[in-house]
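See below for the structure under consideration.
Scope of the values below: all heavy atoms of this structure, side chains included, with no hydrogens, waters or symmetry mates. A, B, ... follow the sequence lines: proteins, then strands. Residue 1 opens every chain. None of the values given here were measured: they were computed from a predicted structure.
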Amino acid sequence: MPELPEVETTRRGLAPHLQGQRVEAVIVRNRALRWPVPRDFAAKVSGRTVRAVERRGKYLLIDCGTGWIILHLGMSGSLQIVPKSVPAGKHDHVDLVLASGMVARLTDPRRFGAVLWAPDDPLRHPLLARLAPEPLGAQFDAAWLHARTRGRSAAIKTLVMDSHVVVGVGNIYASESLFHAGIHPGLAAGRLSLVRCEKLVFAIRETLAAAIEAGGSSLRNYVGAEGRPGEFQHTYFVYGRQGDLCRLCGTAIKALRHGQRSTFFCPTCQRR
DNA sequence: CGCCAGGCCTGCACGC
DNA sequence: TGCGTGCAGGCCTGGC
């Protein structure tokens, strides 16, 4: 589910409720996430006051002063702020009970998400240490994308989703960005010219920024921290639109598979 | 029943 | 030898 825009939407919704709040208690109902929630997680976090809620790629980072919570929403996760009187449901695995009387509650039916503890700089954690630049940051530019794709024969779609090339772009926004850049998803990445790298970088930034603006996309069960669904899915040009007509040229949208993931594109607007 | 689903790690065989 | 690459598999539940 959540790609960068959904994670950023969650971060923005969460931050005002968490910042400066003391975590009175931590309830772990199910440790069996993507990786087990550390046994001492509750002990590490209880009693700490949250300094900041940050994000790196699709990871949420909660600064507890004495260490950081590293949180990933996986495929089906969401993190919501609710009053602590709200009873926990079947898929509510972790609660941070706040002094304010609210809880930050992690819900994740498929349990592909993660809740980890980093005693120091979370950016040095093995999962984060080798991540590519942020797509909305200055480091991610045409020169970077061009350099990272030289000599690569894999489809550009695959590389756009590779966190060593750029972080945060998942299956939906990869298809959408390539559409906006006019690039065929199956193009061998190494054949992308610098000018087209420029277009793709621009398209990725614009697509993600617009999605954040819309509060992310809601497919199935995604909701932001305040429980509001995102609206960006109404703006899709290609994702999930196989057989529907291209909003720009009227050609039927086609589907492909790259690395077991479905890809959608307009055969007229997108060229190799 | 089988297949699909927004993520991401590991491991394998293969070809250069 | 060591990459890059495309797979399959794993972690899970739920909807069609």
Return one dot-bracket line describing DNA chain B 5' to 3' (Watson-Crick or G-U wobble pairs, both distances under 3.5 Å; ( ) same strand, [ ] crossing, | another strand, . none). .||||.||||||||||
If I take atom [atom1] in residue [X] and atom [atom2] in nucleotide [N], what distance separates them, rounded to the nearest angstrom?
| X | N | atom1 | atom2 | value |
| --- | --- | --- | --- | --- |
| A:E6 | B:dA5 | CD | C1' | 14 Å |
| A:R110 | B:dC4 | CZ | P | 13 Å |
| A:Q242 | B:dA5 | CD | C1' | 15 Å |
| A:L71 | B:dG7 | CG | C1' | 14 Å |
| A:Y239 | B:dG6 | OH | C1' | 6 Å |
| A:M75 | C:dG9 | CE | C1' | 14 Å |
| A:D108 | C:dT13 | CG | P | 11 Å |
| A:Y236 | B:dA5 | OH | P | 14 Å |

With [atom1] as the reference atom in both, quote the distance from [N] to [M] in angstrom, rounded to an integer.
| N | M | atom1 | value |
| --- | --- | --- | --- |
| B:dC3 | C:dG9 | P | 12 Å |
| B:dG2 | C:dG10 | P | 16 Å |
| C:dC7 | B:dC4 | P | 15 Å |

Has A:S262 got a side-chain N or O lying under 4.0 Å from the OP1 or OP2 atom of B:dA5? yes
Is there a side-chain polar atom (N or O) of A:S76 under 4.0 Å from OP1 or OP2 of C:dT13? no
Can any side-chain N or O of A:E3 pair as donor or acceptor with the backbone N or O of A:N171 at less than 3.5 Å? yes
Heavy-atom nearest nucleotide on DNA chain C taken for A:L159 and for A:F112; more 5' hit belongs to A:L159
Could you pick out which residue, A:L33 or A:H258, lies toward the 5' side of DNA chain C when each is mapped onto its nearest nucleotide? A:H258
Quick one about A:S175 and A:Y236 (side-chain donor to acceptor, distance below 3.5 Å, no hydrogens or angles considered), yes or no? no
A:T263 and A:H258: side-chain donor and acceptor closer than 3.5 Å? yes
Closest of C:dG9, B:dG7, C:dG6 to the A:Q260 side chain is C:dG9
Measure from the side-chain heavy atoms of A:R152 and tell me the nearest of C:dT5, B:dG6, C:dC12. C:dT5
State plainly whether the residues A:E54 and A:R11 are in salt-bridge range, i.e. N to O under 4.0 Å. no
Above 12 or not: heavy atoms from other molecules or residues under 6.0 Å from [atom1] of [X]?
| X | atom1 | result |
| --- | --- | --- |
| A:F202 | CZ | no |
| A:R191 | CZ | no |
| A:R22 | CZ | yes |
| A:Q19 | CD | yes |

Determine whether A:F237 and A:C266 satisfy the following criterion, side-chain contact (heavy atoms from CB on, under 4.5 Å), listing intermediate values before the conclusion. CA-CA 9 Å; A:F237 279 80; A:C266 169; over 6 Å; no
Touch check for A:T158, heavy atoms < 4.0 angstrom, all strands: base, sugar-phosphate only, or nothing? nothing
List every contact pair, protein side and nucleotides 8-12 of chain B side both N or O, where the distance is under 3.5 Å.
{"unit_1": "B:dC8", "atom_1": "OP1", "unit_2": "A:H72", "atom_2": "NE2", "d": "2.7"}
{"unit_1": "B:dC8", "atom_1": "OP2", "unit_2": "A:K58", "atom_2": "NZ", "d": "3.1"}
{"unit_1": "B:dC8", "atom_1": "O2", "unit_2": "A:R34", "atom_2": "NH2", "d": "3.0"}
{"unit_1": "B:dC9", "atom_1": "O4'", "unit_2": "A:R34", "atom_2": "NH2", "d": "2.6"}

Looking at A:T207 and A:E176, what are the two nearest heavy atoms and their distance? CG2-CB, 3.9 Å
Quick check: any donor-acceptor pair below 3.5 Å linking the side-chain of A:R111 to the base of C:dC12? no
